[in-house]
Peer 1: 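Please see the structure below; I have some questions.
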Protein chains: 2
Amino acid sequence: MLRLSTKGQYGVRAMFEIARGISRGPTTIKEISERQDVSVAYLEQILNTLRKAGLISSVRGPGGGYVLSRSPEKISIGAILRELEGPVAITSCLDPREGCLRVDGCVTHLLWKALGENIESFLDDMTLKDLLEGNDLMATQRRGRRQPEKIRMLHKS
Amino acid sequence: MLRLSTKGQYGVRAMFEIARGISRGPTTIKEISERQDVSVAYLEQILNTLRKAGLISSVRGPGGGYVLSRSPEKISIGAILRELEGPVAITSCLDPREGCLRVDGCVTHLLWKALGENIESFLDDMTLKDLLEGNDLMATQRRGRRQPEKIRMLHKS
DNA sequence: TAATAGCCGAGTAATTCTGTCAAGTATTAG
DNA sequence: CTAATACTTGACAGAATTACTCGGCTATTA
Ligand code: FES
Ligand code: FES
């Protein structure tokens, strides 16, 4: 229950790759494809959506690729997913693009609403920076280094 | 993003109706159908699943219907949804029935896992009793009565 | 000017969702 | 006993969504 589509998942992983490549300049679709095991054609579609949303910008021609429009800590996972999958809406009744007639007097409405807000604040609080730190953590694990706070909390839970 | 299927939603609403009818004895499919606007045929499918799962039991013949197997505070929304929609699994990688080969070294794995656990604890903490109290709350609103705690918290959030 | 790299719209196969339908079985009132 | 009530079961089908692929185009630069 409550699956995320592959589009959303791949989107987050692609954004992570672009974020990770910051120091090397633009990251190409091909590189992302190889590192994350997603086809080039599918990534084109996904990255195009994210570019139109203003989360990344593209550089054409040789040496080109994609770069983040803002710094990693300013791009939340929620922002990425919203562009690719629309707003968090546990039920169609809660989707601003749809709506419901029976809202008043519906016992479950508040329940789904609260759950949705819970999920959304989680996703909006987590950013690409946290993912980068989580990756560092994995790379340096078992070496006694200091662990980034938010990810360590994830690890515990 | 992250939609709940209608099956799960209807299932929760049906369980609420059965819980609400406790004092009157078994609740028939037809009654649930009328009160919750869901077809009898579809409810048959849903309630059968819930019965096989042991959440409700059925009484056949005239005067029959469905009753809860346990008291409302012992039936969580999570338990209902798990039967109808399978385990919470944001990604296929987290579904115990599927799994993933790239788990080690996957940056997003911990993220989805933590989100899933967050959702699950929310759903497991909320019970039919809370829905019943929420319903009372709606019915008595604007009359200055005392409001049940958990639902009032929902209302605030 | 050729190679690189992103841009764009359409289309399609597979899967999942959202139900319906028909033919049963069990129980009870009369 | 029998008729009415109500749940039981399995199959099936249309609609919607997902998860992609494909072909051709445009911009940039060495
Ligand atoms: S049916 Fe739409 S809010 Fe409950
Ligand atoms: S790809 Fe399966 S856990 Fe990340």
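Just so we're on the same page: letters track the sequence lines, and every chain starts at 1. Values below: every heavy atom of this structure, side chains too, minus hydrogens, waters and symmetry copies.
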Peer 1: Quick test of your reading: applying ring-ring contact (aromatic ring centres under 6.0 Å, His included), list the pairs with at least one residue in residues 19-56 of chain B, sequence neighbours left out, ordered by first then second residue.
Peer 2: Tyr10(B)-Tyr42(B)
Peer 1: Do the side chains of Glu17(A) and Arg13(A) get close enough for a salt bridge, i.e. N-O under 4.0 angstrom?
Peer 2: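 So Glu17(A) does not pair with Arg13(A) through a salt bridge.
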Peer 1: Please round to the nearest 0.5 Å and tell me the distance separating atom CD of Glu83(A) and atom NZ of Lys7(A).
Peer 2: 12.0 Å
Peer 1: Would you say dC7(D) has OP1 or OP2 under 4.0 Å from some side-chain N or O of Asn48(B)?
Peer 2: no
Peer 1: Extract the stems that DNA chain D is part of, considering only consecutive pairing runs of at least three Watson-Crick or G-U wobble pairs, both distances under 3.5 Å.
Peer 2: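 Output for stems: C:1-30 with D:1-30.
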Peer 1: Within the 4.0 Å heavy-atom criterion, would you say Leu47(A) contacts the bases, only the backbone, or no part of the nucleic acid?
Peer 2: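 Nothing, no nucleic acid heavy atom in range.
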Peer 1: Which residue pairs satisfy the ring-ring contact (aromatic ring centres under 6.0 Å, His included) criterion with at least one member in residues 58-101 of chain B, sequence neighbours excluded?
Peer 2: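 Every candidate ring-ring contact (aromatic ring centres under 6.0 Å, His included) pair involving residues 58-101 of chain B fails, so no pair, neighbours aside, qualifies.
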Peer 1: For nucleotides 14-21 of chain D, list the nitrogen or oxygen atoms of the protein found under 3.5 Å from its nitrogen or oxygen atoms, one pair per line.
Peer 2:
{"unit_1": "dA19(D)", "atom_1": "OP2", "unit_2": "Thr6(A)", "atom_2": "N", "d": "3.0"}
{"unit_1": "dA19(D)", "atom_1": "OP2", "unit_2": "Thr6(A)", "atom_2": "OG1", "d": "3.2"}
{"unit_1": "dA19(D)", "atom_1": "O5'", "unit_2": "Thr6(A)", "atom_2": "OG1", "d": "3.4"}
{"unit_1": "dC20(D)", "atom_1": "OP2", "unit_2": "Tyr10(A)", "atom_2": "OH", "d": "3.2"}
{"unit_1": "dC20(D)", "atom_1": "N4", "unit_2": "Gln45(A)", "atom_2": "NE2", "d": "2.9"}
{"unit_1": "dT21(D)", "atom_1": "OP2", "unit_2": "Ser39(A)", "atom_2": "OG", "d": "2.5"}
{"unit_1": "dT21(D)", "atom_1": "O4", "unit_2": "Gln45(A)", "atom_2": "NE2", "d": "3.0"}

Peer 1: Output all residues satisfying salt bridge (charged side-chain N to carboxylate O under 4.0 Å, His left out) with Arg70(A), sequence neighbours left out; order by chain, then residue number.
Peer 2: none
Peer 1: Go through it in stages, so that I can follow the logic: the residues are Ile32(B) and Arg20(B), the test is side-chain contact (heavy atoms from CB on, under 4.5 Å), and I'd like the CA-CA distance, side-chain angles, deciding distance and then a yes or no.
Peer 2: CA-CA 11 Å; Ile32(B) 299 173; Arg20(B) 185 159 67 166; over 6 Å; no
Peer 1: Using distance alone, with no hydrogens and no angle criterion, decide if Thr91(A) and Gln9(B) have a side-chain donor and acceptor under 3.5 Å apart.
Peer 2: no
Peer 1: List, with names and distances, any nitrogen or oxygen atoms from the protein found under 3.5 Å away from nitrogen or oxygen atoms belonging to nucleotides 23-27 of chain D.
Peer 2:
{"unit_1": "dT26(D)", "atom_1": "O2", "unit_2": "Arg60(A)", "atom_2": "NH2", "d": "2.6"}
{"unit_1": "dA27(D)", "atom_1": "O4'", "unit_2": "Arg60(A)", "atom_2": "NE", "d": "3.1"}
{"unit_1": "dA27(D)", "atom_1": "O4'", "unit_2": "Arg60(A)", "atom_2": "NH2", "d": "3.1"}

Peer 1: Name the residue from Val12(B), Asp125(B), Thr127(B) that meets the side-chain contact (heavy atoms from CB on, under 4.5 Å) definition with Ile77(B).
Peer 2: Val12(B)
Peer 1: Would you kindly compare Val59(A) and Val59(B) by the position of their nearest DNA chain D nucleotide and give the one closer to the 5′ end?
Peer 2: Val59(B)
Peer 1: Among residues at least two apart in sequence or on other chains, which ones pass side-chain hydrogen bond (donor to acceptor under 3.5 Å, both in side chains) with Asn118(B)?
Peer 2: none
Peer 1: Tell me every residue that passes side-chain hydrogen bond (donor to acceptor under 3.5 Å, both in side chains) with Arg51(A), counting only those two or more places apart in sequence or in another chain.
Peer 2: Asn48(A)
Peer 1: Scan residues 67-117 of chain B for pairs that pass ring-ring contact (aromatic ring centres under 6.0 Å, His included), counting only residues two or more places apart or in two chains.
Peer 2: none
Peer 1: Answer whether the closest heavy-atom distance between the side chains of Leu68(B) and Leu55(B) falls below 4.5 Å.
Peer 2: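 No, every pair of side-chain atoms sits at 4.5 Å or beyond.
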Peer 1: Looking at residues at least two apart in the chain, or sitting in another chain, which of them share a side-chain hydrogen bond (donor to acceptor under 3.5 Å, both in side chains) with Thr49(B)?
Peer 2: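 Not a single residue meets the side-chain hydrogen bond (donor to acceptor under 3.5 Å, both in side chains) criterion with Thr49(B).
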Peer 1: What's the CG-C1' distance between Leu50(B) and dT8(D), to the nearest Å?
Peer 2: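 Going from CG in Leu50(B) over to C1' in dT8(D) covers 14 Å.
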Peer 1: Tell me, do Phe16(B) and Thr108(A) make a side-chain contact under 4.5 Å, heavy atoms counted?
Peer 2: no
Peer 1: After noting the C-alpha distance and the side-chain angles of Lys30(A) and Glu44(A), does the key distance pass the salt bridge (charged side-chain N to carboxylate O under 4.0 Å, His left out) rule?
Peer 2: CA-CA 10 Å; Lys30(A) 204 178 165 214; Glu44(A) 279 177 351; over 6 Å; no
Peer 1: Within residues 15-25 of chain B, find the residues that approach DNA chain C with a heavy atom at under 4.0 Å, and present them sorted by residue number.
Peer 2: none
Peer 1: Heavy atoms of chain B, cut-off under 4.0 Å: which first and last nucleotide of DNA chain C, 5' to 3', fall inside that, if you could look?
Peer 2: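 Endpoints of the contacted stretch of DNA chain C: dT18(C) to dT28(C).
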Peer 1: Between Ser58(B) and dT8(D), does any side-chain N or O lie under 4.0 Å from OP1 or OP2?
Peer 2: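 Checking dT8(D) against Ser58(B), a side-chain N or O does come within under 4.0 Å of OP1 or OP2.
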